[in-house]
Amino acid sequence: MIVANYLTAGALFCAGLHTVLSRRNLIKIVMGLSLMEASTYLLLVSLAYRRASTAPVLLKPPHGQSPSQLAHGNVADPVLQNFCLTAIVIGVAVTAVFLTVAVRVAQHYRSLDADRMRTLRG
Amino acid sequence: MTDADVAALLPLPVVIPIAGAVAAPLLARVHRRLPLVVSILSMLGATGVLVAIAARVYSGSGHVVAHYFGNWGPINGKALGIGFAADPFGMAFALVSAALGALLLLSALSQFGDLGKHELGGFACLFQLLLAAIIGSALTADLMNLFVWFEVAALASYGLTGFFLERPIALEAAFKLIVLTSIASFAIFTSVALLYAVTGALNFGQLHDALPSHVGAATLLALGLLVTGFGTKAGLTPFHGWLPDAHTAPPGAVSALFSALMVDVGVVVLARLALQIFAPGAAPPLLDLMTALGVASALVGATLALAQDDLKRLLAWDTVSQMGILVVGVATVTPAGEAGATYHLVNHALFKALMFLCAGAVVHSTGETELSKMGGLARRRPLLTGGFTIGVLAIAGIPPLNGYASLGLIHAGIEDSRQPVVFSLVLIAQAVTVAALVRAAYLGFYRRRAREYEHCEPLHAGMTTTLVALGLGCVAFGVFPSTVIAKVCAPAAAILLHPGVYAAGVLSGTSTIPATSVSFSYGAPKDLVIAAATTVVGIGIAWWYVRVTEPAFIRGLRTLHTGSVNDYSAFLALGMVVCVAALLL
């Protein structure tokens with residue numbers, strides 16, 4: 001529970017959303033989506049945090065603590081950190097697909113302006 | 001077989017298509033026909049396994065069977081592992097997906113038989129991945145796993161939309177689809193993390209048990225984001241910007257897969273969310289919100305379908321409308337409404353796949369996509385005309401076709417839940433839907449056309465087979481409604497209305513559903529009058545619409561859909577704010 005981090009994550013999400021809503025350059029839209037994605041990483045890692053906790057690695061506990069002490073709640077939540085890894089992996093895949101489309105758009109239209117791709121409408 | 005044996009089969013319907021998806025591009029190097037053979041065999045295999053599981057799930061008054069991967073089962077009601085659970089509701093959708101998937105693959109790969117090896121392999125791979133993700137999201141009992149299937153489906157759909165990259169509109173459609181689906185996936189992902197952080201649970205059964213004591217701002221925010229995310233997948237208004245474009249650009253079989261199965265994932269998940277995970281008491285405004293979204297989608301989709309000139313785009317708008325009707329049916333929380341929604345889910349898959357394949361076959365055969373340039377197909381292409389007409393009659397709810405029974409049940413459900421305004425709006429949407437489709441059938445197929453078409457390619461055997469099979473399916477599901485309702489829809493309605501039984505089944509591995517009867521009298525005067533009245537009014541609207549210039553309110557609605565990805569994202573963001581606000585305030 002780190003309130004400042006939550007607020008930052010919310011602000012990042014809004015900044016990304018603002019980029020997606022207001023920019024016409026495809027690359028900037030991709031960047032906006034990446035920013036929104038990054039905000040979810042921050043949120044997740046912050047949700048996993050517990051006061052005075054250590055990393056969820058039980059093999060070599062810090063000095064003066066046994067693995068069982070750690071397992072009883074004094075570690076950051078590993079499940080949420082795992083989510084974060086999953087999100088990063090998926091994010092890479094989606095960004096790759098995205099940039100592929102952007103490259104093909106640039107080849108076809110000789111432009112990256114989203115406003116020129118409005119054949120399908122209404 | 002015991003329940004545990006049956007449950008152990010549960011991963012296979014997903015594993016087989018994924019294995020097929022891996023094998024298809026590799027085997028394409030050996031022979032170009034092999035991807036076709038492998039992918040159809042893998043989908044038939046998945047169907048076979050699902051039938052074996054379904055025999056247990058639908059026996060008696062219905063059962064839930066659950067399986068945990070690696071046998072990481074729940075201990076003291078707390079699940080660490082990822083579980084799959086087959087309940088009558090998800091099972092109906094999974095079965096239709098696997099069987100229809102095999103048919104669509106047959107049609108698609110026979111139509112594109114002259115493509116290169118690499119293209120055929122890649123196409124079969126993406127198609128099966130999407131089907132695996134659809135089946136997976138119908139069977140999963142874990143929120144994080146559901147998100148993974150959502151992403152797999154999303155990635156495969158990006159690939160399929162943009163598969164024929166030489167067409168500029170395919171690029172455009174793929175781009176809009178990626179932007180909107182990505183925003184939806186962030187919403188879902190954030191809400192999964194929030195729900196886990198609040199309740200410590202990801203398993204559906206565990207969430208159902210934990211949520212009532214944790215309802216607060218964070219859970220409601222998560223719920224609003226989930227509705228946004230899966231509403232985008234289902235193409236509900238105002239999240240629907242991607243849907244018409246993504247259905248217009250790709251070939252008929254891909255549009256059929258999207259419309260008949262992929263968007264339904266959104267509805268299936270919304271139903272699970274509203275009824276099985278959040279029991280109706282936990283977040284009361286949720287059902288009203290879903291009804292509102294559904295009615296808006298039904299009206300907007302039907303109205304814009306009426307105004308389209310591109311046949312596939314028209315069908316895509318009609319998909320928006322049908323998804324709205326389904327969500328309204330789910331949100332009634334009555335046995336008739338739930339049974340009707342389940343039934344309509346199956347029927348919609350059949351008739352919409354049939355109509356999209358007809359539209360795709362028209363493009364294949366004549367090269368025309370616009371209704372204004374078509375016409376005269378009734379004489380030149382009787383099979384396609386017959387198929388399309390069956391689809392129109394099914395959506396219009398004309399007995400003995402399948403739409404009659406499912407729409408009748410949904411209407412009964414809305415009446416039972418005492419929502420006269422919603423009922424009248426749904427009937428208006430139904431009349432406009434009939435109008436849009438009658439207009440399409442008249443302009444495209446039954447209108448006289450003096451000139452011959454420049455091209456008139458014959459259809460491939462695989463395409464014809466699929467059309468005939470789907471047409472027969474529409475008739476079969478309409479002729480034997482009492483069997484379908486008693487054996488499949490009533491247990492599905494029961495499990496949606498008894499979330500505790502579902503939760504117990506997921507956590508303990510098996511549970512028996514209490515018997516619920518759904519009464520439906522075929523040929524009740526009221527249903528017949530509604531079907532006849534909406535059809536007559538619909539034909540009237542169609543007759544009027546082909547004679548007038550576009551009315552101002554329809555032109556206004558069309559100008560709202562500017563085709564700009566920024567605007568569509570803005571609608572989505574606005575919808576997200578509205579959903580969250582409606583739940584929190």
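By convention in this document, chain letters (A, B, ...) are assigned in the order of the sequence lines, proteins followed by strands, and residues within each chain are numbered from 1.
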Please determine, by modelled atom types, if B:Thr140 and B:Asn145 share a side-chain donor-acceptor pair under 3.5 angstrom.
yes

With only heavy atoms counted, which part of B:Thr248 is less than 4.5 Å from chain A, the side chain, the backbone, both or neither?
side chain

Counting only heavy atoms closer than 4.5 Å, note whether A:Thr100 contacts chain B via side chain, backbone, both or neither.
neither

Roughly how far, to the nearest 0.5 Å, is the OG1 atom of A:Thr40 from the CG atom of A:Leu12?
10.0 Å

Please identify, among B:Arg558, B:His561, B:Met144, the residue contributing the most non-hydrogen atom pairs under 4.5 Å to chain A.
B:Met144

Just so I understand: if I count every heavy-atom pair under 4.5 Å between each of B:Pro244, B:Ala249, B:Ala570 and chain A, which residue has the most?
B:Ala570

Which answer fits B:Leu202, side chain, backbone, both or neither, if we ask what part of it has an atom under 4.5 Å from a heavy atom of chain A?
side chain

Would you give the length of the straight line joining atom CG of A:Leu26 to atom CE of A:Met117, rounded to the nearest 0.5 angstrom?
5.0 Å

Pick one of side chain, backbone, both or neither for A:Ile90, based on which atoms fall under 4.5 Å of a heavy atom in chain B.
side chain

Once you round to the nearest 0.5 Å, how far does CG of A:Asp77 lie from OH of A:Tyr49?
14.0 Å

Heavy-atom proximity to chain B below 4.5 Å, by part of A:Ala114:
side chain

Count the heavy-atom pairs under 4.5 Å between each of B:Val179, B:Asp567, B:Thr190 and chain A, then report the option with the highest count.
B:Val179

Do the side chains of B:Val254 and B:Phe123 get nearer than 4.5 Å, heavy atoms only?
yes

Less than 4.5 Å to any heavy atom of chain B: does that hold for the side chain of A:Thr119, its backbone, both, or neither?
both

Contact class of B:Arg555 relative to chain A, heavy atoms under 4.5 angstrom:
neither

Would B:His240 and B:Trp317 count as a close aromatic pair, with their ring centres under 6.0 Å?
yes

Contact between B:Leu195 and B:Thr219 at the side-chain level, heavy atoms closer than 4.5 Å - yes or no?
yes

A:Leu43 portion near chain B, given a 4.5 angstrom heavy-atom threshold
side chain

Distance in Å, B:Ile554 CD1 paired with B:Tyr545 OH, rounded so as to fall on 0.5 Å steps
4.5 Å

What do you reckon, is CD1 of B:Ile75 surrounded by more than 12 foreign heavy atoms closer than 6.0 Å?
no

Of B:Ala173, B:Pro168, B:Ala154, the largest count of non-hydrogen pairs under 4.5 angstrom with chain A goes to B:Pro168

From the list B:Gly563, B:Ala573, B:Ala197, the residue making the most non-hydrogen contacts under 4.5 Å with chain A is B:Gly563

Examine whether an atom of B:Leu155 lies under 4.5 Å from a heavy atom of chain A, and if so say whether it belongs to the side chain, the backbone or both; otherwise answer neither.
side chain

Go through B:Phe175, B:Tyr158, B:Phe147 and name the one with the most non-hydrogen pairs under 4.5 angstrom from chain A.
B:Phe175

Treating B:Asn203 as the side-chain partner and B:Leu80 as the backbone partner, does any N or O pair qualify as donor plus acceptor under 3.5 Å?
no

